[in-house]
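Please read the structure below before turning to the comments.
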Amino acid sequence: MRISMLFRFSLYGFLKNQQYYAPFLILVFLEKGLSYSMIGILIAFREICINVMEIPSGAVADLYGRRRAMILSFAAYIVSFVIFAQSRSIGLLFVAMFFFAIGDAFRTGTHKAMIFDWLRLEGRSDEKTRTYGYTRSWSKMGSALSVLIASALVFYTGNYNNIFLFCIIPYTFGIINFLGYPAALDGDRKSGFSMRAVIAFLWSALRESLQRRSLRRLIVESMGFEGMFKASKDYLQPILQQTAIALPLLLALGEEKRTALLIGVVYFILHILSSIASRYAHSLAKWKGGEDSAARFVWVIGGALYICLIPLLWFSFNHIVIVCFLMLALMQNFWRPLLISRVNAHSTPEMGATVLSIESQAKCFATMLLAPALGWTVDMAGAFWPVGIAGALIAMGIIVTADRPGL
């Protein structure tokens, strides 16, 4: 029986998001004795590595085969999971982050370009937002399932390290899924390896991204929205831990088990809402009269949420803070399909993966700057309210300059 490509694309996202460590990552690092500043530095190191490899990886994928790039990506993830599980020192954590960065660099942009190439070959290029939103919704469904599995593992074992090892199973199935992708989605690749060809291809795509105002503006938006969201979203974990400890419920259970239960419930809701938002991003664009108007609407709502977080975090109204973080995740999953479709619409099919990798690399650069800065300010303040201030300033900057020439 022939498996449809839409199913394979959705299966990729579903398996890729079996990241059982994700809802507990900050708590894992805190348990290993890291401060928020050091956690920020570790995340910044990951983003630096992604920055170094991101754009060349997209060019290599476009020139020499996207399927190979995706298989290499998942293999690097598996290596990182093994090292994370065995790490007992900060040095090993940096090594694990390096391999994780390889996985991210060779994956980001490449698979999106494969989806958009398939739509072009099928004569369905006008369905970019709808198709990407649909496949992304299955990614979020995968995340929702992974949260339940991860919470059960932590609840019954009381051990954070084992959750890394369980990730190896779905990622192995992910590699098997890539073997069923048709060769046509490798792109118009060339045989042999030529560094000169990679550099020339890379320079052409980079020049196009910087010279076109529309692409340049979208990359700046990606740095602001995605960079801030990626640097701040995991602060929800210690907030949930504080809330779980303070709740006068299930007092017979240990701190880790109560935290696992609350994280499981909240993150499951988060991913279900994210799945719905991704699937109906195209409906938001239709309602607002276009993808640009829909994106601006999401920016306004996101900025308002960050402003609300400032007093809520200052006075530790954690229950409402959790709701705000859920709403920010909802906005991000409306906004991401809109952005990807807008970026792809302004680039050529031949440079699809490379331009999308430039966008992702710019986002990583923003996270690289924001993560240690947020970690340091949180350590200095002894509270999480700097997250609200940073997000509000970025949102206001983007909204105010929306119609300014040259930006």
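- The salt bridge (charged side-chain N to carboxylate O under 4.0 Å, His left out) analysis of residues 309-336, with sequence neighbours excluded, yields the pairs E226-R336, R336-E359.
- When all heavy atoms of A231 and L370 are compared, the closest pair comes out as CB-CB, 3.9 Å.
- In terms of heavy atoms, R217 sits closest to I398 at NH2-O, 2.8 Å.
- Using a 4.5 Å heavy-atom cutoff, the side chains of M5 and L185 are in contact.
- When the side chain to side chain contact (heavy atoms under 4.5 Å, CB included) test is applied to N17, the partners found at least two apart in sequence or on another chain are S139, S143.
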Practice problem: Run the numbers on K363 and F229 for side chain to side chain contact (heavy atoms under 4.5 Å, CB included), then give the verdict. | Solution: CA-CA 10 Å; K363 171 186 66 180; F229 182 79; over 6 Å; no
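- L93 has its side chain within reach of F29: a pair of non-hydrogen atoms, C-beta onward, lies under 4.5 Å apart.
- Residues passing the ring-ring contact (aromatic ring centres under 6.0 Å, His included) test with F268: none are found, sequence neighbours excluded.
- In this structure, CG in L273 is found 10.0 Å from CE in M331, a value given to the nearest 0.5 Å.
- Shortest non-hydrogen contact noted between L309 and G388 is CB-CA, 4.1 Å.
- Other residues, nucleotides and ligands contribute more than 12 heavy atoms inside 6.0 Å of the CH2 atom of W299.
- Surrounding OH of Y171 are more than 12 heavy atoms belonging to other residues, nucleotides or ligands, all under 6.0 Å away.
- The backbone N or O of T259 sits nowhere less than 3.5 Å from a side-chain atom of Q241 that would complete a donor-acceptor pair.
- The closest donor-acceptor contact from the side chain of R258 to the backbone of A244 lies under 3.5 Å.
- Contacts classified as side chain to side chain donor-acceptor pair (under 3.5 Å) and involving residues 71-84 (residues at least two apart or in different chains) are given here: Y77-D104, Y77-R107.
- Under the side chain to side chain donor-acceptor pair (under 3.5 Å) criterion, the residue pairs touching residues 366-390 are S37-D379, with sequence neighbours excluded.
- Heavy atoms only, all atoms of each residue included: A76 and I102 are closest at CB-CG2, 3.7 Å.
- Using a 4.5 Å heavy-atom cutoff, the side chains of N318 and L312 are not in contact.
- Between the CD1 atom in I39 and the CG atom in L374 there is a gap of 12.5 Å [rounded to 0.5 Å].
- Partners of L240 according to the side chain to side chain contact (heavy atoms under 4.5 Å, CB included) rule, which considers only residues two or more places apart in sequence or in another chain, are L236, L262, I263, V266, Y267, I322.
- For the atom pair CG of L305 and CD1 of I310, the computed distance is 11.5 Å after rounding to the nearest 0.5 Å.
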Practice problem: For side chain to side chain contact (heavy atoms under 4.5 Å, CB included), just list the numbers for F225 and V298, CA-CA rounded to whole Å, side-chain angles, deciding distance to a tenth of an Å, and then say yes or no. | Solution: CA-CA 10 Å; F225 201 109; V298 172; 3.8 Å; yes
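- Contacts classified as salt bridge (charged side-chain N to carboxylate O under 4.0 Å, His left out) and involving residues 25-50 (residues at least two apart or in different chains) are given here: E47-K230.
- The side-chain heavy atoms of I71 and R68, taken from C-beta on, include no pair separated by under 4.5 Å.
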Quiz prompt | ring-ring contact (aromatic ring centres under 6.0 Å, His included) between Y12 and W138, worked out | solution = CA-CA 9 Å; Y12 151 77; W138 275 104; over 10 Å; no
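- A pairwise comparison of heavy atoms in A392 and I307 identifies CB-CG1, 3.7 Å as the closest pair.
- Taking SG of C167 as the start and CD1 of I163 as the end, the distance is 7.0 Å to the nearest 0.5 Å.
- Among residues two or more places apart in sequence or in another chain, the ring-ring contact (aromatic ring centres under 6.0 Å, His included) test is passed with Y235 by Y36, F384.
- With a 4.5 Å cut-off on side-chain heavy atoms, S146 and Q19 do not count as touching.
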Quiz item: side chain to side chain contact (heavy atoms under 4.5 Å, CB included) between L42 and L34: does it pass, once the steps are laid out?
Solution: CA-CA 10 Å; L42 190 61; L34 275 63; 4.1 Å; yes
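- In this structure, the side chains of R8 and Y181 come closer than 4.5 Å at one or more pairs of heavy atoms.
- Under the ring-ring contact (aromatic ring centres under 6.0 Å, His included) criterion, F94 pairs with F45, sequence neighbours left out.
- Two residues are said to be in side-chain contact when any heavy atoms from C-beta on lie closer than 4.5 Å; L284 and W287 meet this criterion.
- The distance from atom OG of S274 to atom CD1 of I269, rounded to the nearest 0.5 Å, is 11.5 Å.
- With values rounded to the nearest 0.5 angstrom, L369 atom CG is found 13.0 Å from M228 atom CE.
- Residue G227 comes nearest to A366 through the heavy atom pair CA-CB, 4.0 Å, listed as atom of the first residue, atom of the second, then distance.
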Exercise. Please step through side chain to side chain contact (heavy atoms under 4.5 Å, CB included) for the pair R66 and D117, ending with a clear verdict.
Key: CA-CA 11 Å; R66 294 167 182 169; D117 260 11; 2.7 Å; yes
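- With sequence neighbours excluded, the residues forming a side chain to side chain contact (heavy atoms under 4.5 Å, CB included) with L15 are L11, P170, F173, listed by chain and number.
- Put simply, the side chain of S222 reaches to within 4.5 Å of the side chain of L339, judged on heavy atoms.
- Judged as a side chain to side chain donor-acceptor pair (under 3.5 Å), not a single pair has a partner in residues 88-101 (not counting sequence neighbours).
- Between the side chain of S293 and the main chain of G289, no donor-acceptor pair closer than 3.5 Å is present.
- Residue pairs satisfying the ring-ring contact (aromatic ring centres under 6.0 Å, His included) criterion with at least one member in residues 149-169, sequence neighbours excluded, are listed as follows: Y21-F164, F24-Y160, F84-F164.
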